[in-house]
Number of protein chains: 2
Amino acid sequence: MKNVNLKHLAEELGLSIATVSRALQDSHEVSAATKERVRALAAELRYEPNAYASSLRRNQSKTIGVVIPKVTNHFFALAINGIEEAARQSGYHVLIYLTHDDYAREAAIIQHLKGGRVDGILLSVASGTEDIAHLESLQDANIPLVFFDRVRTEIATARVTTNDYESGYRATEHLLEAGCQHIAHLLISNSLSIGHNRHQGYLDALAAHGRPYDPDLVLAGTIDNQRNVQLIEELLRSRPDIDGIFASVERLAVGTYHACQQLGRRIPEDIKIVGFSNLESVSLFDPPLTTITQPAHDIGYEAARILLQAVEKKRAVLPSQSVVLDSELVQRRSTATE
Amino acid sequence: MKNVNLKHLAEELGLSIATVSRALQDSHEVSAATKERVRALAAELRYEPNAYASSLRRNQSKTIGVVIPKVTNHFFALAINGIEEAARQSGYHVLIYLTHDDYAREAAIIQHLKGGRVDGILLSVASGTEDIAHLESLQDANIPLVFFDRVRTEIATARVTTNDYESGYRATEHLLEAGCQHIAHLLISNSLSIGHNRHQGYLDALAAHGRPYDPDLVLAGTIDNQRNVQLIEELLRSRPDIDGIFASVERLAVGTYHACQQLGRRIPEDIKIVGFSNLESVSLFDPPLTTITQPAHDIGYEAARILLQAVEKKRAVLPSQSVVLDSELVQRRSTATE
DNA sequence: CTGTTAGCGCATTCAG
DNA sequence: CTGAATGCGCTAACAG
């Protein structure tokens with residue numbers, strides 16, 4: 001089947017390309033009758049405008065790029081869900097890029113996106129990223145950027161996050177109130193905003209309760225999860241006095257769970273765990289895991305809303321548009337999912 | 001900062017646009033010296049080609065569309081992971097669209113994609129889809145399509161699936177060998193390939209073991225998972241003789257688990273469950289769930305490979321290129337008991 | 001080896 | 001209200 005384009009329609013209708021184009025965009029300078037004729041034929045021939053020609057001409061792609069570390073983390077899956085919803089509502093398309101927490105990959109992706117493939121970018125920073133020159137250059141290229149979850153405050157733009165500091169504080173307090181004496185904190189890269197903030201909450205909660213801070217009880221996870229479980233086991237073996245664990249990310253929470261089972265530490269009798277997790281099925285773990293659940297869908301949705309608003313009005317995204325949503329500390333009992 | 005484009009580079013270098021273009025594409029009809037000069041300036045100015053201009057001209061977008069029911073299902077998250085990997089290796093981009101199992105949405109997405117936004121489509125059919133005219137029209141538009149997981153055999157193209165029939169058979173046999181007398185099957189839409197095939201495996205296993213088929217023991221799930229748990233509970237209440245359940249999709253497997261806990265049915269003493277699931281953390285459920293795990297990443301990767309190969313060679317995708325990968329039946333052991 | 005020319009399909013001036 | 005003409009940025013055919 002021939003590609004049906006404006007020219008095709010125009011010839012068929014005995015009109016000019018310009019008029020057809022205007023009619024399809026519901027321009028007020030086209031007669032109602034003509035509009036109707038054009039639309040009828042377009043519908044009949046199932047005309048679809050060529051998105052790239054249009055993008056080239058208008059200098060906007062109706063597309064946003066989503067750059068995340070991975071998609072197999074339930075937080076990001078939920079966030080994408082929210083992002084896609086917001087995008088669809090505004091007639092935007094969503095390109096997905098995975099960094100696998102690798103700085104080089106993140107930089108390459110960002111660099112490429114400066115070619116105009118997207119009108120804006122949603123980014124959750126890779127844990128391997130230190131240097132942020134690639135992000136600064138986005139400003140020059142005039143491509144709006146909105147951070148979500150894993151942010152960098154050095155870049156002057158909006159950030160959509162959860163109350164990481166408070167969550168870390170409350171998680172730690174929860175363990176303290178449950179009687180824990182030696183609470184370890186497992187985090188990912190401390191250079192990452194979420195790791196840093198959650199850790200600060202942990203520190204302050206300890207201080208507020210007059211507990212000493214023991215650096216040996218802080219473990220920074222790696223990319224490799226097998227290795228993480230090993231590291232956790234080592235930690236637990238070398239410090240049998242640990243009776244509480246705050247795990248800053250899902251992988252580490254689940255890893256801790258595994259490690260405890262492996263070592264025969266009973267939960268929650270011997271050791272109590274609070275972990276970040278957006279996996280609904282943790283409610284089926286037994287013993288149940290106390291979790292901090294983030295409003296992942298809403299984070300994605302909000303971040304996309306902010307970005308799209310800026311894109312549509314061709315305005316910059318301001319740091320003042322940042323949003324902080326609340327996580328929930330949930331002591332799971334059995335509940336229905338979804 | 002001004003957008004740096006070919007014209008810009010050409011002026012700066014005192015060359016024609018065409019030469020610059022050729023140099024950047026490493027054309028053999030450009031002198032090495034010129035190439036070097038061009039590349040140096042391009043790198044210095046961080047030139048990024050405008051993808052849409054190139055797409056328009058070449059009539060190919062270097063982009064594939066992935067159309068799936070949802071992303072919050074771990075199977076699809078893993079599949080996307082594989083797809084992104086294959087795409088990146090070939091320099092392709094990935095657009096994500098979610099149907100939420102809604103036919104109208106799927107049709108609208110497919111229709112839109114005929115506008116040339118993508119060079120090919122990977123599709124996992126929505127459970128709400130019956131009519132497939134929208135998919136047939138892709139052939140006319142000359143856009144290659146590869147199905148994965150949820151396929152429709154009426155369309156003559158490649159399908160990447162798991163051995164659903166065998167999995168259903170083995171799951172049922174597993175329950176029979178464990179001594180179950182009344183085995184229920186929970187599936188989604190029977191019009192969906194995976195539901196249909198898994199169900200056929202269930203039926204044949206029953207027959208092979210000389211067991212009668214009781215239609216009352218077959219439950220078709222809905223979109224709404226809350227409702228599914230209710231339906232499962234009703235089924236279990238009305239048929240207390242059920243002592244085995246084969247759940248065809250992750251949601252229903254987890255839902256069954258919930259329902260059993262709710263009703264106080266002990267697993268596996270009172271009732272045994274085998275369910276499809278790609279969620280690694282099911283190993284932490286207690287009592288553990290016997291699962292059928294699909295090679296989700298590989299499915300995505302394979303499907304993308306087949307599609308990209310066709311796209312690059314501008315050849316049609318043939319049904320004969322279909323691939324069937326094997327699922328694994330895993331009896332999880334609770335590590336806590338050791 | 002390099003430059004000139006001609007579009008890809010569309011949106012938008014500027015004329016009428 | 002409609003048409004003719006222009007160019008978005010890039011590639012490719014055709015000259016030289």
Side-chain angles (χ1 to χ4, degrees), chain A residues 2-39 41-42 45-63 112-119 141-142 314, chain B residues 2-39 41-42 45-63 112-119 141-142 314:
Chain A
K2 283 288 319 146
N3 256 343
V4 32
N5 53 24
L6 286 187
K7 188 168 158 196
H8 186 95
L9 291 179
E11 282 168 0
E12 199 96 347
L13 290 162
L15 288 170
S16 75
I17 294 177
T19 303
V20 175
S21 172
R22 278 187 285 239
L24 290 173
Q25 287 172 78
D26 204 17
S27 159
H28 44 275
E29 35 179 339
V30 170
S31 76
T34 309
K35 269 187 201 169
E36 216 23 75
R37 280 211 311 142
V38 172
R39 281 197 204 135
L41 187 68
L45 268 44
R46 299 224 188 295
Y47 166 72
E48 271 304 322
N50 181 308
Y52 296 135
S54 171
S55 292
L56 182 59
R57 183 57 230 260
R58 302 175 107 123
N59 198 30
Q60 54 147 330
S61 61
K62 286 276 181 186
T63 304
H112 174 90
L113 290 183
K114 285 191 287 184
R117 194 178 277 273
V118 297
D119 294 338
N142 220 21
K314 296 190 187 300
Chain B
K2 284 284 326 140
N3 256 344
V4 31
N5 53 23
L6 286 186
K7 188 168 159 196
H8 185 96
L9 292 179
E11 283 168 0
E12 199 96 346
L13 290 162
L15 289 169
S16 75
I17 295 177
T19 304
V20 176
S21 172
R22 280 186 284 238
L24 290 172
Q25 287 173 77
D26 204 17
S27 158
H28 44 273
E29 34 180 337
V30 170
S31 76
T34 309
K35 270 187 199 169
E36 216 24 75
R37 281 211 311 141
V38 172
R39 281 194 203 139
L41 187 67
L45 268 43
R46 301 224 186 297
Y47 165 74
E48 272 303 323
N50 182 308
Y52 297 136
S54 171
S55 292
L56 181 58
R57 185 55 231 256
R58 300 174 107 121
N59 197 29
Q60 55 148 326
S61 61
K62 286 276 180 187
T63 304
H112 175 92
L113 290 183
K114 284 191 286 183
R117 194 178 277 273
V118 298
D119 294 338
N142 220 21
K314 295 189 188 302

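In what follows, chains are A, B, ... by sequence order, proteins preceding strands, each numbered from 1.
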Least distance between heavy atoms, A/Asp26 atom then A/Arg39 atom = OD1-NH2, 3.0 Å
Rounded to whole angstrom units, what separation is found between the [atom1] atom of [X] and the [atom2] atom of [N]?
X	N	atom1	atom2	value
A/Tyr52	C/dC10	OH	P	14 Å
B/Glu29	D/dA12	CD	P	11 Å
A/Ile17	C/dG9	CD1	P	10 Å
B/Glu11	C/dG3	CD	P	13 Å
A/Leu6	D/dA4	CG	P	15 Å
B/Asp26	C/dC1	CG	P	13 Å
A/Asn59	D/dG7	CG	P	17 Å
A/Gln60	C/dC10	CD	C1'	13 Å

What nucleotide, of [options], holds the atom closest to the side chain of [X]?
X	options	value
A/Val30	D/dC10, D/dT2, C/dC10	D/dT2
A/Thr19	D/dG3, C/dC1, D/dC8	D/dG3
B/Arg22	C/dA11, C/dT2, D/dT2	C/dT2
A/Ser31	D/dC1, C/dG9, D/dC10	D/dC1
A/Ala18	D/dG9, C/dA11, D/dA4	D/dA4
A/Asn50	C/dC10, D/dC1, D/dG9	C/dC10

Side-chain heavy atoms of A/Leu24 within contact of A/Leu6, under 4.5 Å = yes
inquiry  = Less than 4.5 Å apart, side chain to side chain, heavy atoms only: is that true for A/Tyr47 and A/Leu41?
reply    = no
query = How would you label the contact of B/Gly115 with the nucleic acid (heavy atoms, under 4.0 Å): base, sugar-phosphate, or nothing?
reply = nothing
ask   = If you look at every strand shown and take non-hydrogen atoms under 4.0 Å, does B/Asn5 touch a base, only sugar-phosphate, or nothing?
value = sugar-phosphate
Please state whether the phosphate of [N], meaning OP1 or OP2, lies under 4.0 angstrom from any side-chain nitrogen or oxygen of [X].
X	N	answer
B/Tyr47	D/dC10	yes
B/Thr34	C/dC1	no
B/Ser54	D/dC10	no

query = Between the main-chain N or O of B/Arg117 and the side-chain N or O of B/Ser61, is there a donor-acceptor pair closer than 3.5 Å?
reply = yes
ask   = Got a donor-acceptor contact below 3.5 angstrom from the A/Ser27 side chain to the A/Val30 backbone?
value = no
Given DNA chain C, 5'-ward residue of the pair B/Ser16 and B/Ala53, judged by closest heavy atom = B/Ser16
